[in-house]
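Heads up: the structure comes next, in structure tokens.
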Amino acid sequence: MKPRVVVLSGAGISAESGLKTFRADDGLWEEHKVEDVATPEAFARDPKLVLRFYNQRRRQVMAAEPNAAHRALSELEQDFQVNVVTQNIDDLHERGGSTSVVHLHGEILQMRSVLDDATLFSTQGEDIVLGDLAQDGGQLRPHVVWFGEAVPELEAAAEIVAQADVLLIVGTSLAVYPAASLMHFAPPHAKRYLVDPNAEALAVDGVEVFAEAASTGVPKLVQRLRQRRLP
Ligand code: NAD
């Protein structure tokens with residue numbers, strides 16, 4: 001049985017693929033306040049703005065390519081069981097070759113009716129506009145989890161983290177709950193690593209820190225894990 005590596009990834013792993021994180025210095029996400037574009041209240045108030053914002057995000061994701069960090073994680077599968085639990089709504093882990101990816105906050109390439117959060121449809125990469133209806137008559141919206149909404153995959157993700165022999169946290173400010181609480185489900189024996197250029201500021205006890213960009217830090221760590229085949 002191969003040891004299990006669980007990866008908790010956030011916006012930072014996709015930054016070098018050209019997708020902006022949302023906690024950059026200006027506190028804005030792509031020129032918008034988060035509460036204006038990523039809450040159910042924002043969608044009720046100005047659905048056109050919210051749909052346009054996510055249409056832009058979808059186009060950017062489709063134009064982006066996985067970087068060395070995404071690809072290194074898929075190489076890890078040769079020696080380890082690897083589960084990725086990501087806060088990202090992009091599909092760069094999958095395109096980088098990872099075969100087990102849980103999207104805590106949804107997927108921008110999927111959509112659903114406002115009346116039914118369980119049935120998902122592919123957007124086929126197309127924009128969603130006001131008036132696009134699902135078969136149940138509800139307005140279509142992107143399949144993303146907004147602030148204030150439940151995180152349906154949380155329990156499944158916690159169960160995965162609880163089986164980790166190695167926990168690798170990469171590119172997340174650990175500021176968005178409940179996603180940030182997931183690391184605490186790792187068993188005591190699990191070796192913990194954090195790759196983030198801002199890692200020192202995140203100051204997490206018992207975690208070995210690689211204070212550098214994902215595209216260099218993750219391949220370095222992956223190489224180390226593969227050489228030892230042990231945490
Ligand atoms: P965040 O913006 O709060 O934090 C990003 C972290 O990435 C920071 O700690 C930063 O220091 C780090 N970082 C920046 N550049 C990096 C690099 N090159 N390599 C490694 N780390 C780097 O992001 P979060 O914690 O993921 O929370 C953001 C929320 O926004 C999530 O809920 C997510 O759904 C959403 N989001 C997703 C995407 C995406 O899908 N690509 C992009 C932006 C925001």
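Every number for a ligand or one of its atoms is a count from 1 in the order of the listing.
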Asn55 versus Arg58, side-chain donor and acceptor atoms under 3.5 Å: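 Note: Arg58 and Asn55 side chains meet the donor-acceptor criterion.
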Residues His189 and Asp165: side-chain donor-acceptor under 3.5 angstrom: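 Short answer, yes.
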Distance under 4.0 Å to a non-hydrogen atom of [X]: what atoms of ligand 1 satisfy this?
{"X": "Asn198", "result": "11 (O)"}
{"X": "Gly10", "result": "26 (O)"}
{"X": "Ala11", "result": "23 (O), 24 (P), 26 (O), 42 (C), 43 (C), 44 (C)"}
{"X": "Glu16", "result": "17 (C), 18 (N), 19 (N)"}
{"X": "Ile89", "result": "39 (C), 40 (O)"}
{"X": "Val176", "result": "27 (O)"}

Look at Glu31 together with Lys20 and state whether they make a salt bridge at an N to O cut-off of under 4.0 Å.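 Looking at Lys20 together with Glu31, the answer is yes, because their closest N to O distance falls below 4.0 Å.
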Can a salt bridge be assigned to the pair Asp90 and Arg57 using a cut-off of 4.0 Å between side-chain N and carboxylate O?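 No.
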Please say whether Val195 places an N or O atom under 3.5 Å from an N or O atom belonging to ligand 1.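 No, Val195 has no N/O under 3.5 Å of an N/O on ligand 1.
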Do Ile13 and ligand 1 have an N or O pair less than 3.5 Å apart?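 It does not: no N or O of Ile13 is found under 3.5 Å from an N or O of ligand 1.
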Answer yes or no: are there more than 12 heavy-atom neighbours, outside Arg45 itself, under 6.0 Å from its atom CZ?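 Yes, the 6.0 Å shell around CZ holds more than 12 heavy atoms from other groups.
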If hydrogens are left out, which of His103, Glu107, Gln87 has an atom nearest to atom 27 (O) of ligand 1, that is, the closest non-hydrogen atom?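 The residue whose heavy atom sits nearest atom 27 (O) of ligand 1 is Gln87.
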Option set His105, Glu212, Arg57, criterion heavy-atom distance to atom 31 (C) of ligand 1, minimum: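 That would be His105.
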I'd like to check [X] versus [Y] (side-chain heavy atoms, cut-off strictly below 4.5 Å). Are they in contact?
{"X": "Ser98", "Y": "Val82", "value": "no"}
{"X": "Leu73", "Y": "Val218", "value": "yes"}
{"X": "Val166", "Y": "Tyr193", "value": "yes"}

Using heavy atoms and a threshold below 4.0 Å, how should the contact between Ser173 and ligand 1 be classified: side chain, backbone, both, or neither?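 The part of Ser173 near ligand 1 is both the backbone and the side chain.
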Consider ligand 1: state whether an atom of it lies below 4.0 angstrom from any non-hydrogen atom of Pro197.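 Distance cut 4.0 Å: Pro197 passes for ligand 1.
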Ligand 1 contact by Lys20, heavy-atom criterion under 4.0 angstrom: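 The answer is yes: ligand 1 sits under 4.0 Å from a heavy atom of Lys20.
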Quick one: pull up CG in Leu130 and CG in Leu140 and give me the separation to the nearest 0.5 Å.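 CG of Leu140 is found 11.0 Å from CG of Leu130.
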